[in-house]
There are 2 protein chains.
Amino acid sequence: MAQSKKRVDALHLDEQLCFTLYSTVHLLNRTYRPLLEELGLTYPQYLAMLVLWEEDDVTVKALGERMLLDSGTLTPLLKRLEAAGLVKRERDVLDERQVRIRLTATGRALRAKAECVPVSILEASGLDVEELRDLKERVLAIREALSARLEEEPPPPTASRRHKTG
Amino acid sequence: MAQSKKRVDALHLDEQLCFTLYSTVHLLNRTYRPLLEELGLTYPQYLAMLVLWEEDDVTVKALGERMLLDSGTLTPLLKRLEAAGLVKRERDVLDERQVRIRLTATGRALRAKAECVPVSILEASGLDVEELRDLKERVLAIREALSARLEEEPPPPTASRRHKTG
DNA sequence: CACGATTCCATTGCGCGCAATGCACCTGGG
DNA sequence: CCCAGGTGCATTGCGCGCAATGGAATCGTG
C-alpha cells in the first residue's frame, strides 16, 4: 500500500521484459568475453565460427541468414577472421556476386579449444538443461513473432493505402 | 536416426539459448526502432528516459547502476539527449565529481508520447501478460546468476593463488 | 542479344557497449 | 594541513549492428 500506483506502470524500467533481455544479453557477453579471449574471438565471431564448424564453405548470405545479420556487419567481421588466419574469403567462380567463406586448418583446429565454452556458460547461468531448453523455446516463440511482424509491416513504401487492410 | 550425432551438439548454433537471446534482442531493437523514431530516441536513450521519468535529477553513476552501463556508454548518450533538448547535465554543486541529469520540460512532456510504446511491443511479441511476467522472472534469475559470477571471479588481478580456494 | 530488374556484397555513417586510461575532485590518516 | 588512495566522469579505441547507398554480376523478358 506504500506504492503510489496500484496498477503496474508499463513505463517502469524494471517491469519490462525487454530491458531484462537487453541487460542479460550484455552480461552474457561479458561472461563470454574472457572465455573467448583465449580463442582470440569476439562473441559474434564465435557465432560465425559455430556456423562454419557445422557447415564449411558457405556464402555471406547464408551466414547472414543463420546469424540474422546483414553484410554491413558480416563483411568487416569476416575480414577480421581472415586477418586472424581462421577463414578464407573467395568469390564463387560460378557466381561472382557471392563470396564463399571457408575454414583454414587453423580455423578447423580452433573447434577443439571451443568445446569447453558452452559448459562454462551453462554453469555460470545457473540453469539445468531442462530449464535451458524450455526457456530457449519460449524466447524463440517471441523471436518468431517479432520476425513475422517485421517481414509483414514495412510494405507501405511509397504512399497509397492498400485496398484491403486485412 | 538420420542425425549424425545422438547427443545434442553443444556447439550447434540453434541449440544455444545464448544465441536465441542475442538474436531476439536484435529483433526487439528493430521492432522498437520505428516506434522510437517518432520520439527521436534510440532504445538505450529510451531506457535512460524511463529512469528519468521515474526519478528526475539523478547522477550518471545512479543511471548506470539502473541501466547496467558505464560512463563510457552513458556520457556520449546523455550528451545527445542534451543536444536534443530533453535533459540538462550539470555538475553537482556539493560534489563536483558528480554530474546530475535533469529533465527539461520537453523531456518531461515526451513521456506522454511514449505511453503507447510498451503496448505496441507487447502486441508484437505475441505474449500475454502472464507469460511475460513469468519469462521476465526466469531471465532475471539468469542475469542475477551471471552478475554474481562477474563480481566474484575477477579478483585474481596480479598473480598469487589465494591460500584458500573455497 | 539487349536491357531493366534483381541479387549479392562492400562501403559509409552513426550509435552503442566496453576496456583502458586519464583527470579532477573528495576523503581519511597522520 | 598534506598527501595517498579512492571516486565519478570523460576520452580513446575497437568491434559490432544497421540503415542507406553503390556497384558489379546475374537473371528474366522479349
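Letters A, B, ... are given to chains in the order of the sequence lines, protein chains preceding strands, and every chain is numbered from 1.
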Student: For A:Ala48 and A:Leu77, which heavy atoms make the closest approach, and how far apart are they?
Tutor: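 Closest approach of A:Ala48 to A:Leu77, heavy atoms only: CB-CD2, 4.1 Å.
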
Student: Assign a letter to each nucleotide of nucleotides 15-22 of chain D from its 5' end: B, base within under 4.0 Å of a protein heavy atom; S, sugar-phosphate only; -, no contact.
Tutor: SSBB----

Student: Hey, what's the ring geometry for B:Tyr22 with B:Phe19, parallel, tilted or perpendicular (30° and 60° as the breaks)?
Tutor: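 Tilted.
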
Student: Which of residues 86-94 of chain A have a heavy atom under 4.0 Å from DNA chain C?
Tutor: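 Close to the strand are A:Arg89, A:Arg91.
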
Student: Please list residues of residues 50-61 of chain A whose heavy atoms come under 4.0 Å from any atom in DNA chain D, ordered by number; otherwise none.
Tutor: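 When residues 50-61 of chain A is checked for heavy atoms under 4.0 Å from DNA chain D, there are no hits whatsoever.
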
Student: Quick check against the 3.5 Å criterion: does B:Thr73 have a side-chain atom that pairs as donor or acceptor with the backbone of B:Leu69?
Tutor: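 No, the answer is negative, given that no donor and acceptor are paired below the 3.5 Å cut-off.
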
Student: Treating A:Glu82 as the side-chain partner and A:Arg89 as the backbone partner, does any N or O pair qualify as donor plus acceptor under 3.5 Å?
Tutor: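 Judged by distance alone, yes, a pair lies under 3.5 Å.
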
Student: Measure from CG on A:Leu78 to P on C:dC9 and round the result to the nearest Å.
Tutor: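 It is 10 Å, rounded to the nearest whole Å.
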
Student: Take a 6.0 Å sphere around NZ of A:Lys136 and say whether it holds more than 12 heavy atoms from other residues, nucleotides or ligands.
Tutor: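 Buried by this count: over 12 neighbours within 6.0 Å.
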
Student: Without swapping roles, check the side chain of A:Trp53 against the backbone of A:Leu103 for a donor-acceptor pair under 3.5 Å.
Tutor: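 It does not hold such a pair.
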
Student: Atom CZ of A:Arg97 to atom C1' of C:dC8: distance rounded to whole Å?
Tutor: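 Between C1' of C:dC8 and CZ of A:Arg97: 6 Å.
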
Student: Quickly work out the B:Glu65 CD to D:dT7 P distance and round it to whole Å.
Tutor: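 Between P of D:dT7 and CD of B:Glu65: 12 Å.
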
Student: Rounding to a whole Å, what distance do you find between A:Leu74:CG and C:dC8:C1'?
Tutor: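 Whole-Å distance recorded here is 12 Å.
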
Student: A side-chain contact here means heavy atoms from C-beta on lying under 4.5 Å apart; do A:Thr104 and A:Val87 qualify?
Tutor: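 Not in contact.
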
Student: Above 12 or not: heavy atoms from other molecules or residues under 6.0 Å from CD of A:Glu38?
Tutor: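 Atom CD in A:Glu38 is not crowded, with 12 or fewer foreign heavy atoms closer than 6.0 Å.
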
Student: Could you tell me the separation between the CG atom of B:Leu63 and the C1' atom of D:dG8, rounded to a whole number of Å?
Tutor: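 Those two atoms, CG and C1', are 14 Å apart.
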
Student: Do the rings of A:Tyr43 and A:Tyr32 sit parallel, tilted or perpendicular, given the 30° and 60° boundaries?
Tutor: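 Correct class here is tilted.
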
Student: Side-chain N or O of B:Lys79 less than 4.0 angstrom from OP1 or OP2 on D:dC9?
Tutor: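 Answer no for this pair, as no side-chain N or O of B:Lys79 is under 4.0 Å from OP1 or OP2.
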
Student: What is the distance, rounded to the nearest whole Å, between atom CZ of B:Arg100 and atom C1' of C:dC25?
Tutor: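 Interatomic distance, CZ of B:Arg100 to C1' of C:dC25: 16 Å.
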
Student: Given side chains that start at C-beta, do those of B:Asp92 and B:Thr59 come closer than 4.5 Å, heavy atoms only?
Tutor: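 B:Asp92 does not reach B:Thr59 side chain to side chain.
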
Student: Would you say the side-chain atoms of A:Ser125 pair up with the backbone N or O of A:Leu122, donor to acceptor, closer than 3.5 Å?
Tutor: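 Such a contact is found between A:Ser125 side chain and A:Leu122 backbone.
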
Student: Between B:Ile101 (CD1) and D:dG8 (P), how many Å, whole number?
Tutor: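 It is 15 Å, rounded to the nearest whole Å.
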
